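Before any comments, here is the structure.
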Amino acid sequence: MDSYDIPESTSSRLKDHFIGATPLQKRLESVRKLTSFVPPSPQRKIPQCSQLQEDVDPQKVAFLLHKQWTLYSLTPLYKFSYTNLKEYSKFLSAFIVAEKQKGLAVEVGEDLNIKVIFSTLLGMKGTQRDPDAFLVQILSKSHLPSENREGKVLWTGWFCCIFGDSLLETVSEDFTCLPLFLANGAETNTALIGTWFQKTFDCHFSPLAINAFNLSWMAAMWTACKMDHYVATTEFLWSVPCGPQSLDISYAIHSEDAKALWDSVHKAPGEVTQEEVDLFMDCLCSHFHRHFKIHLSATRLVRVSTSVASAHTNGKIKILCHKYLIGVLAYLTELAIFQIE
Amino acid sequence: MDEIVAEFVKRTILKIPMAEMTTILKAWDFLSENQLQTINFRKRKESLVHDLVMLCEEKHASVNDAALLDIIYTQFHQHQKIWDVFQMTKEPGEDIDLFDMKQFKSSFKKILQRALKNVSVTFRDTEENAVWIRIAWGTQYKKPNQYKPTYVVYYSQTPYVFISSSRLRSSIPLLGQALTVASKHHRIVKMDFRSRYLDSLKAIVFKQYNQTFETHNASTPLQERNLELDINMDSRIIHENIIEKDRVQRVTQEIFGDSPQPRLEFAQYKLETKFKSDLNRGILAERKEPLRCLVKFSSPNLLEALKSLAPAGIADAPLSPLLTCIPQKRMNYFKIKDK
C-alpha cells in the first residue's frame with residue numbers, strides 16, 4: 001500500500017483525492033460524512049489459510065479456540081518493547097497484588113498468590129508488517145503439587161494485529177499497534193490489566209460492540225468458508241423489542257443448507273461483496289417470512305453462530321475452527337481499527 | 001425420625017422462602033397451632049429451620065409427611081418446573097365408568113410398587129377434582145431418591161395429565177402405564193405442548209380463555225372500537241394509515257381476543273421446506289432438497305409478544321397460522337414439511 005501523510009490543513013482537500021484513496025482515507029472521509037455504517041471496504045476476501053499461518057502451531061493455539069472472548073479495541077501502545085516482557089510480567093504482578101490487597105476488586109476467598117506471564121504468540125499475524133501478537137496470563141501459584149509448576153490459569157488476554165496496515169501507516173515508530181484485544185476471565189481482572197496498560201503505555205481500551213451490519217457480514221463470510229465437516233448449525237438470533245414483552249427469535253439452519261444457499265448467491269470468486277451479503281440475508285429472511293409473516297429486517301440481529309465462529313453484538317466471540325482463525329481475527333482487527341479512528 | 005427422613009424434612013423446609021414460611025406451614029397442617037406459636041419466626045433462617053425440624057421430630061414426621069410438604073412447596077412454586085401435557089384416550093366403545101378417586105390412588109400406587117419395590121407415592125387433592133401426585137423413584141435395590149421427584153397433576157374429569165419434566169426418562173413409560181391403568185384408560189400420548197406455567201397450559205387445554213379464533217368471521221360492531229382507537233392514535237398519521245392501522249387492530253383482536261393471553265414461554269418449529277421466493281428467482285432453483293431449519297420463539301409471555309407484532313409493524317396481519325394455531329392446537333412444538 002502507498003504511504004502518505006495527512007497534514008491537517010489539507011483534510012478538506014481529501015475529497016479530491018478520493019479516486020485511488022486508501023481504505024483509511026475513505027474511512028476518514030466517511031466519518032466526516034457522519035455515516036456510521038460505511039463498511040471498511042465493500043468487498044472483502046473470503047478468509048483463506050494465510051501462508052503465515054503455517055508458522056502457527058495448532059497445538060499452541062488450541063487453547064484460543066472454543067473459549068468465549070470479550071473484545072476491545074486498543075489504541076497504539078507507546079514505547080512498548082518485546083524485549084522487556086519479563087519486566088512487564090514482574091511489574092504487572094506487583095500491581096495486581098497491590099491493588100487486590102487494597103481491597104479493590106477482590107472476590108471472596110480470592111487467592112492473592114498469583115503471577116503474571118507475558119509471552120509472544122508467533123505467527124499470529126496477517127503480513128510480516130504486523131507486530132507480533134502477545135499473550136498475558138494470570139496464573140494461580142497456590143495449587144502446587146510438584147509436577148504442576150505452572151498453576152491454574154485464572155485469566156487470559158491477548159493482543160494482536162492482523163492485516164493492520166491502515167493503522168500501522170499512521171503512527172510513528174514509538175508506537176506498537178495491536179488494536180485487537182481479547183479477554184477471557186473475571187471482569188475484575190480485565191479491568192486491572194486494562195488500568196496498568198493504560199498507565200504504562202498511554203493507551204486506551206474500548207469495548208468493541210458489533211452491530212447487525214457487521215454480524216451479517218460475518219455470517220456470510222463464515223458460511224462461505226469451505227469446511228470438511230460442520231461442528232455446529234448455522235444460527236441467527238434476533239431480538240424483537242415489542243410492547244411490554246420482549247421476544248427472541250432463534251433461527252437455525254443446517255450448515256450444509258446454509259452453504260448451498262450461499263453458493264447459489266455467490267458470484268465473484270474469492271471475494272464477498274455487499275450485494276451478496278444482502279442477498280444471502282434477504283433469502284434467509286424471506287424464507288422465514290413465507291412461514292411466519294414476520295419481517296426479520298424490522299428486528300435487531302444480535303448474534304450469529306457458524307462452525308467457524310460465533311459472535312454476539314455485545315462483543316463476545318468464540319472461534320471454533322483453527323483453519324480460519326486468522327481470517328476471523330482479520331475482520332475483527334478491521335472493526336477494532338474502525339472504532340479507534 | 002431417622003437420619004434420612006430428618007435430612008429430607010430439613011432440606012424441604014430450607015427451600016421455603018421466609019416470606020412464605022407461615023402460609024406454607026399452615027397449609028401443611030402437620031404442626032399444630034400450639035407448636036407453631038412456640039416458634040419465633042423472626043429468627044435467622046438456619047436457626048428457625050432447626051427449631052422447626054425439632055418440632056417435626058417431636059411429632060414423628062414420616063417420609064410421607066415431608067413429601068406432602070414438598071408437594072405444597074411445589075404448588076406454590078409451579079413455575080420452577082417445566083410441565084408437559086399428556087392426553088389419555090379410551091378404547092372406542094369402552095364404558096365410561098364413574099371415576100373413583102380412592103380406587104384410582106390405590107391402583108396407581110400398587111402398580112408402581114409392584115414394578116419398583118422402592119418408590120414413594122404421595123397424593124394431595126385439590127379443587128376441580130384434581131389430584132397432585134409426587135413420585136420419588138428408587139430401584140429394586142436402592143431407596144427412593146427424594147431429591148429428584150416427578151410431579152403429576154391429574155384432572156380426573158378430563159383426559160389430561162400434566163407431568164413435570166424430569167431427566168429420569170426411564171420412569172416415563174412406567175408412569176404412563178400406571179396412570180392409564182389406574183384411571184381406566186387405554187393409551188397415553190405426550191402432546192407437543194410444554195410450559196412452566198401450569199395455569200396457562202390448563203387454560204389453553206381446557207379452552208377456558210376467551211379465544212375467538214373459531215369465529216373469525218364474526219362481525220363485531222366497529223363503532224365503539226373506532227372511538228377507542230382514536231384516543232391512542234398519533235395525530236400525524238394520515239387517513240390511509242388510519243384505515244390500515246384499524247384493520248390490523250381488528251384482525252389482531254379477532255385472533256387473540258380481548259382478555260390477557262395465557263402465558264407460554266416458547267414455541268419451536270422444525271422446518272423442512274423448500275426455498276421459494278418470488279423476488280429471488282433462480283436462487284436454489286435446482287435444489288430438490290428442502291432447507292432444514294429450526295426456529296424457536298422465546299419470550300416471558302409469548303402470546304402477548306406475538307399479539308403485539310402486527311400492530312408494531314413487524315409482522316403482517318393476520319399473523320401466520322403457524323403462530324396463531326398454538327392455543328387452538330394445544331401445541332408448541334411443530335414439525336412442518338412441504339405438502
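Naming convention: chains lettered A, B, ... in sequence-line order (proteins, then strands); numbering from 1 in each chain. Side chains included, hydrogens not; waters and symmetry mates left out as well; all remaining heavy atoms used. If you're wondering where the values come from, they're calculated on a predicted model, not measured in any experiment.
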key: 4.5 Å side-chain heavy-atom contact, B:R250 and B:Q253   = no
query = What part of B:K274 is in contact with chain A, defined as an atom under 4.5 angstrom from a non-hydrogen atom: side chain, backbone, both or neither?
reply = backbone
query = What residue, out of A:H289, A:K293, A:E256, A:E235, has the most heavy-atom pairs lying under 4.5 Å from chain B?
reply = A:K293
key: Side-chain donor-acceptor pair present, B:Y197, B:N301, cut-off under 3.5 Å   = no
ask   = So what's closer than 4.5 Å to chain A heavy atoms on B:P290: side chain, backbone, both or neither?
value = backbone
query = Do you know the tightest heavy-atom contact between A:W155 and A:A183?
reply = CZ2-CB, 3.9 Å
remark   = Answer key: most heavy-atom pairs under 4.5 Å with chain A among B:I336, B:L294, B:L306, B:L271 is B:L294
request  = First locate atom CZ of B:R292, then atom OG1 of A:T233, and finally report the distance between them rounded to the nearest 0.5 Å.
outcome  = 11.5 Å
task = Name the option with the most non-hydrogen atom pairs under 4.5 Å to chain A; the candidates are B:A267, B:A310, B:C293.
result = B:C293
key: Which atoms of B:Y269 approach chain A - backbone, side chain, both or neither, heavy atom under 4.5 Å   = side chain
remark   = Honestly, the part of A:F288 sitting under 4.5 Å from a heavy atom of chain B is side chain
query = Which of the residues B:L302, B:D316, B:L319, B:T273 is involved in the greatest number of heavy-atom pairs with chain A at under 4.5 angstrom?
reply = B:D316
request  = Heavy atoms only: give me the nearest A:V240-B:L309 pair and the separation to one decimal.
outcome  = CG1-CD2, 3.7 Å
ask   = Are A:W262 and A:F280 near enough that their ring centres are under 6.0 Å apart?
value = yes
task = For the pair A:F292 and B:F297, evaluate ring-ring contact (aromatic ring centres under 6.0 Å, His included) and give the outcome as yes or no after the intermediate values.
result = CA-CA 11 Å; A:F292 299 104; B:F297 295 86; 5.1 Å; yes
ask   = Tell me, side chain or backbone of B:L323 under 4.5 Å from chain A's heavy atoms, or both, or neither?
value = side chain
